[in-house]
Amino acid sequence: MIQAIDGILARIGRSTMAMFESIGRLVIFASLTVSHIVRPPFYYHAFLQQLINIGFYSLPVVGLTALFTGGALALQIYSGGARFSAEAIVPSIVAIGITRELGPVLGGLMVAGRVSTSIAAELGTMRVTEQIDALTTLSTNPMKYLVTPRVLAATIMLPVLVFIGDTIGIMGGYLVGTNRLDFNSATYLKNTWDILEFGDVSSGLIKAAVFGFIIALIGCYSGYHSGRGAQGVGAATKTAVVTASVLIFAANYILTDLLF
Amino acid sequence: MIKITDLHKAFGSNVVLNGVDLHIKKASSMVIIGGSGTGKSVLLKCILGLIAPDSGTIIVNGVDTKSGDREAFLDQFGMLFQGGALFDSLPVWQNVAFRLLQGKHRLSKADAHDIAIEKLRRVGLKSNIAELFPAELSGGMQKRVGLARAIAAEPQIIFFDEPTTGLDPIMSGVINELVREIVEEMGATAMTITHDMSSVRAIADNVAMIHNGVVQWTGPIGKMDDSGDPYLDQFINARAEGPIEAVR
């Protein structure tokens, strides 16, 4: 009996130690990444390429997500508002809901699915095929060449994507509001514009920057430390998307509380 | 040129290097042989600093690898990886010229391109493959591109990790000849890891056999067949019977 309890306690202890070790390694990885942003050399070409890969090529998925979410949100708020004869709040709630919460969170999750996995798979394959070792032997720091450009590009591009997504999301609400719910076009736009404050948009963009950092960092970390073979790369990809998504939700709560 | 003393490395309870001592003279070609999992690649990665040894010293050109400028240290080396390790996202010429386009002594794109084409010609490849991507090349061509990349910056020391693995016998012979010719004409110090005995005989000035984490035998290639070492004899004659336990 005592032996069994010992075994359980030992297992819990080992898991806890492993968890703290992983957190510690991730924090060191993040610190190194940030420190390379301010230390030359800078790989401008790699950075520009990542701005396009992460930013431009994520635009369709973020735009479509925002468009449909804005439309669905307008319908739901209309349905709820009608119970209090408050249908007129649709433009306001759509605008605030999209800019403060749904734009950054859904945009972040969609980009996590697209970017975090692709970074993890790319770096994982590079690890397995010794391309990362090859970079080192060619006097090039892999953290500087591979990780920093991706993390910096995602941190910059996610707010841009979310800003565009916010606009498209509000437009989705407008299209449903004016075509399906018979709102007057000018009134809908005026209500939207009047309700929005700088803080609504900026808080969403701050969240987006943090989410961008998390998405690229976790993708790079998982790929960089990928196990061997196809299974290792597959596991790295899965870990990247799951960890990034959970961290986005956790960070979203903390940031919402801070920016409340 | 490279002096390794009492090098130890273990991964958990698995002791891979257990006191390796090895001396590689300048402008000589040392080939490291040994069974799979005996720590040949770990030794090579320890020298390059890709893996940190647990203890022991590695002196390259009179400088301890733990001290000094890391970039300057790595500038001395060229390396041909087992699978080529070419960068998928870059065309062939940029792979070859990679080192020439980075760092303090970076060249212009035009100059680096010219050198890349020259090195590709040196390894028997035509300039029309320069704009292709590595995935568009055969295994033998990828090996040659890897070799061109290893010699592009004219390093003093070149490492070859299993240079003929996965190639047919004729292509293996071609790569072996290229390695030998290039090492001789550059006057470079070479260290090759292989279990291909035709590579050993084509490339080596000296041979070292690693077994059980230590250098079991080392000496000139001419003495390898008459070494009297039962481990080496079993390995080079590919015998299943002998002191090295063969897992069936």
Side-chain angles (χ1 to χ4, degrees), chain A residues 14 17-18 21 25 28 32 36 39-54 57 118-150 153 220 223-230 232-233, chain B residues 41-42 44-52 69-90 94-106 109 112 134-135 142 145-153 155 157-162 165-166 191:
Chain A
R14 271 196 296 273
M17 294 286 282
E21 192 186 329
R25 283 172 61 181
I28 292 168
L32 273 174
H36 282 305
R39 284 189 291 153
F42 306 108
Y43 294 101
Y44 297 105
H45 186 258
F47 172 62
L48 285 174
Q49 206 172 18
Q50 292 310 320
L51 283 180
I52 294 166
N53 280 350
I54 295 170
Y57 290 122
S118 102
I119 291 176
E122 188 181 0
L123 266 59
T125 306
M126 289 186 77
R127 166 65 70 199
V128 169
T129 56
E130 294 186 303
Q131 291 177 54
I132 292 181
D133 286 345
L135 274 175
T136 307
T137 64
L138 292 164
S139 308
T140 301
N141 186 328
M143 289 288 294
K144 223 176 232 312
Y145 186 76
L146 296 173
V147 178
T148 301
R150 283 167 171 77
C220 289
Y224 202 84
H225 296 101
S226 164
R228 288 182 178 182
V233 177
Chain B
S41 292
V42 172
L44 189 147
K45 288 182 178 180
C46 282
I47 298 172
L48 287 167
L50 297 173
I51 293 176
D69 178 5
R70 178 107 182 105
E71 195 177 324
F73 168 74
L74 286 168
D75 280 346
Q76 303 173 89
F77 291 90
M79 171 137 181
L80 171 61
F81 284 85
Q82 189 174 345
L86 301 176
F87 305 126
D88 305 321
S89 57
L90 300 178
Q94 284 189 31
N95 265 283
V96 175
F98 190 88
R99 178 174 261 157
L100 307 173
L101 291 165
Q102 322 285 335
K104 294 172 201 158
H105 311 294
R106 147 181 2 163
K109 260 195 165 179
Q142 288 188 17
V145 174
L147 185 54
R149 183 174 71 181
I151 62 171
I157 305 164
I158 313 177
F159 286 173
F160 303 96
D161 187 4
E162 307 274 8
T165 296
M191 180 171 148

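Chain letters run A, B, ... following the sequence lines, proteins first, then strands; residues in each count from 1. Here the structure is a predicted model, which means the values were calculated and not measured.
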Check: With chain B, which of Thr136(A), Thr129(A), Ile132(A), Asp133(A) has the greatest number of heavy-atom pairs at distances under 4.5 Å?
Finding: Asp133(A)

Check: Looking only at atom types and distance, does a side-chain atom of Arg39(A) sit under 3.5 Å from a main-chain N or O of Lys144(A), one as donor and one as acceptor?
Finding: no

Check: Are Phe42(A) and Phe47(A) close enough that their ring centres sit under 6.0 Å apart?
Finding: no

Note to self: Is Leu135(A) close to chain B through its backbone or its side chain, or both, or neither, when contacts mean heavy atoms under 4.5 Å?
What the structure shows: both

Next item on the list: If the plane angle is over 60° it's perpendicular, under 30° parallel, otherwise tilted; pick one for Phe98(B) and Phe87(B).
Entry: tilted

Item checked: Heavy-atom proximity to chain B below 4.5 Å, by part of Thr137(A) -> both

Item checked: Segment of Glu71(B) engaging chain A (4.5 angstrom heavy-atom cut-off) -> both

Next item on the list: Using the side chain to side chain donor-acceptor pair (under 3.5 Å) rule, pick out the option among Gln76(B), Arg70(B), Arg99(B) that qualifies with Ser139(A).
Entry: Arg99(B)

